[in-house]
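Below: the structure, in structure tokens.
On a predicted model such as this, the values are computed, not experimentally measured, just so you know.
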Amino acid sequence: MGEALETRRLSDAAGRRPPGRLAAGFDLKASWLRAFWADERGATMVEYAILIGVLSFGIVAIFSAFETKLFAEMNKAAATIEAAIS
């Protein structure tokens, strides 16, 4: 016939909940949530993604802030190189 399965997580036939647990197997202690929170797989990838995003934003912000001055300096350097060549 087969083995009897453990049913302590399910409510009884009258619909009452087992002590300390919700009906249909949900644990009040939320052990799955604690396990999910403690699981660090993939955390490094997320940290690197956040770091790359912050660095990219910083680089764009710096270039935006100094765009006019940087453009003027590049033109000055180009003019100097062009004058030296001709």
If I take atom [atom1] from residue [X] and atom [atom2] from residue [Y], how far apart are they, to the nearest 0.5 angstrom?
X     : Y     : atom1 : atom2 : result
Ser56 : Leu51 : OG    : CG    : 9.0 Å
Asn75 : Leu70 : CG    : CG    : 10.0 Å
Glu73 : Thr68 : CD    : OG1   : 12.0 Å
Ile52 : Glu47 : CD1   : CD    : 12.0 Å

Should Ile62 and Val54 be regarded as members of a common hydrophobic cluster, given that ILVMFWY residues are connected when their side-chain heavy atoms come within less than 4.5 Å of each other, either directly or indirectly?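 No: no chain of side-chain contacts under 4.5 Å links Ile62 to Val54.
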Single hit among Ile50, Val46, Thr44 for side-chain contact (heavy atoms from CB on, under 4.5 Å) with Tyr48: Thr44
Suppose we screen for side chain to side chain contact (heavy atoms under 4.5 Å, CB included). Which residues come up paired with Phe57, at least two apart in sequence or across chains? none
